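Beneath this line is the structure, given in structure tokens, with notes to follow.
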2 protein chains.
Amino acid sequence: MSPSPNDQALVAIPEPTLKRLPYYYKSIQGQREAGREFVSCTTLAEALGLNPIQVRKDLQATGAVGRPKVGYHVSTTLDAIEECMGYHNTKDIFLVGAGHLGQALLAYPGFSEFGFNLVAAFDVDPTKMETEFAGKPILDASRLSDLVRRMHVQIAILAVPATAAQAVTDTLVRAGIRAIWNFTPTRLAVPKGVLVQDENLLASLSVLSKQLESSRAKSHKESIHGEPEEL
Amino acid sequence: MSPSPNDQALVAIPEPTLKRLPYYYKSIQGQREAGREFVSCTTLAEALGLNPIQVRKDLQATGAVGRPKVGYHVSTTLDAIEECMGYHNTKDIFLVGAGHLGQALLAYPGFSEFGFNLVAAFDVDPTKMETEFAGKPILDASRLSDLVRRMHVQIAILAVPATAAQAVTDTLVRAGIRAIWNFTPTRLAVPKGVLVQDENLLASLSVLSKQLESSRAKSHKESIHGEPEEL
DNA sequence: GTTGAGTCGATAAGTTTTTATCGATATGGA
DNA sequence: TCCATATCGATAAAAACTTATCGACTCAAC
Ligand SMILES: NC(=O)c1ccc[n+]([C@@H]2O[C@H](COP(=O)([O-])OP(=O)(O)OC[C@H]3O[C@@H](n4cnc5c(N)ncnc54)[C@H](O)[C@@H]3O)[C@@H](O)[C@H]2O)c1
Ligand SMILES: NC(=O)c1ccc[n+]([C@@H]2O[C@H](COP(=O)([O-])OP(=O)(O)OC[C@H]3O[C@@H](n4cnc5c(N)ncnc54)[C@H](O)[C@@H]3O)[C@@H](O)[C@H]2O)c1
């Protein structure tokens, strides 16, 4: 099946690109505030410590077009990113688990910048139920299923203890949730069609620590074998 | 340069593999608790929703060896992962920024499982300084540089406002930090040799939300073009 | 004008990561 | 004892992602 013209938007943007777009967005916003009207891949790459060619490809994926020798028009490009990422569409979100991590998320004002609206949190702890935190209501988790269904909420944040992760997931899925942002260290079993984005913080820290160890071993070996390597 | 035998440990393990290892570790621990002595890639993959071949390759990277038809010896394999990831080496860590997110991390008991020891937090807020949170001291940020140096701390968590991110980074780098786990939405400029692991939470959420939108568009198109596709 | 340099877009090459294939080996039952 | 089967390890193929190359375009300076 050859791609027809209006398939363009359907060619999925690679995940690494999606993760970089917010950096471009923020950086270009900075340029706008500084009064600049155009920005080049070279400049962006410089500012963000990335490869200019990669920046160009990423921007291309959003539909932004640039002009040779000039660069990308700041406002137009910001619009392209917003449009591509849907920063303007309001997306309601529920948080399940208003513990330490959940409360940090509740207090975070940054969600709205990208169109997210953290509507409410849910918890089983009676001392938290029917209270507020950072202006957001914490509701009885027994109401979760009903409210997901009634409000057609599509995205949920999972910040419950690992032991409760799969059970809560099953509830969410039955209620019709479409995507789960998972902070628990559990691999969730979900039916096809439900998306899960794992945010396994400890795993990321382990990666960092392991890479640190490897880089030490490497530089040690280099110093033995006499390859100076220090630009 | 052809790899000599004892280069094995120096062939860097791919980052995606490193991120999956904690899942295997936890899953195999579960098997041990259930009294099983061997576990196969097939079983592991089933439990974690992964590809069996990928599981095998990942385990291979840790140095674990299995036996055909039998699988991997549970205890031996756990040891291999621990050894590979350095779960036994204690790694001291400083946290900079004891705000909402920082406090959630301070309260998190899971770090020790992988050998991390969150020693102390640092903040500029006078009302937080010289207090404790979850049994961990919150110290005056002006002491950060000195203590990094004196205690030879190599890893820091960055959980300060974005506006302070680069300045704090510079301080850490000057004091000799080797790795930064960065929760701010800023791309940090660091000299070669200093590692940064970005944990851009909003970017991850954006990815999820964009993929959700795409999957909706896709299934809509499929329903129009009459490709049922529902296994 | 003409020239020169900075930048884009398209295409190609390279690298990394995932998935597939296949022979070898161990186990349990015929 | 032999055979069927599950599984591993090694190697190869495929896919995804990053980096390089090159012609074309635009602007500014001469
Ligand atoms: N805190 C961190 O820094 C951190 C770091 C990495 C991972 N995590 C993971 O994030 C998750 C939450 O961590 P935390 O530190 O906030 O834990 P927490 O114990 O502070 O909070 C968990 C909350 O979930 C609630 N809860 C329990 N069962 C529930 C259910 N069935 N429905 C709704 N709510 C329920 C509890 O009442 C509690 O308020 C855990 O899985 C943890 O492993 C946390
Ligand atoms: N809270 C969240 O859920 C969340 C989500 C995504 C990203 N983040 C990012 O994490 C970072 C921290 O978020 P937060 O919600 O904890 O913010 P916060 O405002 O609650 O906490 C920031 C803390 O850093 C301290 N601080 C400021 N300057 C400092 C300095 N120079 N040295 C040491 N400490 C300093 C402040 O006193 C404050 O206690 C921010 O960059 C934010 O964008 C947070």
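What you see is a predicted model; the values in this text were computed from it and never measured. Values reported hereafter were calculated over all heavy atoms of this structure, with side chains retained and with hydrogens, waters and symmetry mates removed. By convention in this document, chain letters (A, B, ...) are assigned in the order of the sequence lines, proteins followed by strands, and residues within each chain are numbered from 1.
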Using a cut-off of less than 4.0 Å, is there contact between a side-chain N or O of B/Asn51 and OP1 or OP2 of C/dT19?
yes

Identify, with sequence neighbours excluded, every residue that meets side chain to side chain donor-acceptor pair (under 3.5 Å) alongside A/Thr62.
none

Starting at atom CG of B/Leu59, determine the distance to atom P of D/dT7, rounded to an integer number of angstrom.
14 Å

Residues which pass ring-ring contact (aromatic ring centres under 6.0 Å, His included) with A/His73, listed by chain and number, not counting sequence neighbours
A/Phe38

At a cut-off of 3.5 Å, list every protein nitrogen or oxygen paired with a nitrogen or oxygen from nucleotides 13-15 of chain D, distance to 0.1 Å.
none

Extract from the structure each pairing of a protein N or O with an N or O of nucleotides 7-12 of chain C at less than 3.5 Å, listing the distance.
residue : atom : partner : partner atom : Å
C/dT7   : O4'  : A/Lys69 : N            : 3.3
C/dC8   : OP1  : A/Cys41 : N            : 3.1
C/dC8   : OP2  : A/Arg56 : NE           : 3.4
C/dC8   : OP2  : A/Arg56 : NH2          : 3.4
C/dC8   : O3'  : A/Gly66 : O            : 3.2
C/dG9   : OP1  : A/Gly66 : N            : 2.7
C/dG9   : OP1  : A/Gly66 : O            : 3.3
C/dG9   : OP2  : A/Tyr72 : OH           : 2.7
C/dG9   : N7   : A/Arg56 : NH1          : 3.4
C/dG9   : O6   : A/Arg56 : NH1          : 3.4
C/dA10  : OP2  : A/Gln60 : OE1          : 3.0

Test of understanding: with side chain to side chain donor-acceptor pair (under 3.5 Å), list the residues that count as partners of B/Tyr25, not counting sequence neighbours.
B/Glu82

Whole angstrom is fine here: how far is it from CG in B/Leu50 over to P in C/dT18?
10 Å

Check against side-chain hydrogen bond (donor to acceptor under 3.5 Å, both in side chains), B/Ser209 and B/Ser206
CA-CA 5 Å; B/Ser209 137; B/Ser206 301; over 6 Å; no

A/Glu46 CD to C/dG6 P, straight-line distance once rounded to whole Å
14 Å

List in chain and number order the residues that pass ring-ring contact (aromatic ring centres under 6.0 Å, His included) with B/Phe94, two or more places apart in sequence or in another chain; answer none if no residue qualifies.
B/Phe122

Nucleotide C/dG28, atom P - distance to CZ of B/Phe38 in whole Å
11 Å

With sequence neighbours left out, what residues match A/Glu213 under salt bridge (charged side-chain N to carboxylate O under 4.0 Å, His left out)?
A/Lys210

How long is the line joining CD of A/Gln54 and P of D/dA20, in whole Å?
11 Å

Can you sort out the partners of A/Arg20 under salt bridge (charged side-chain N to carboxylate O under 4.0 Å, His left out), two or more places apart, ordered by chain and number?
A/Asp58

All side chain to side chain donor-acceptor pair (under 3.5 Å) counterparts of B/Asn117, not counting sequence neighbours
B/Asp92

CA sep, side-chain torsions, deciding dist, call: B/Leu59, B/Ile81, side chain to side chain contact (heavy atoms under 4.5 Å, CB included)
CA-CA 8 Å; B/Leu59 290 181; B/Ile81 299 178; 4.3 Å; yes

Please list all pairs passing the salt bridge (charged side-chain N to carboxylate O under 4.0 Å, His left out) test where one or both residues lie in residues 168-179 of chain A, with sequence neighbours left out.
none

Short of 4.0 Å, heavy atom to strand atom, which residues of residues 16-28 of chain A count as contacting DNA chain D?
A/Pro16, A/Arg20

Sorted by chain and residue number, the side chain to side chain donor-acceptor pair (under 3.5 Å) partners of B/Gln211 (sequence neighbours excluded) come out as A/Glu15

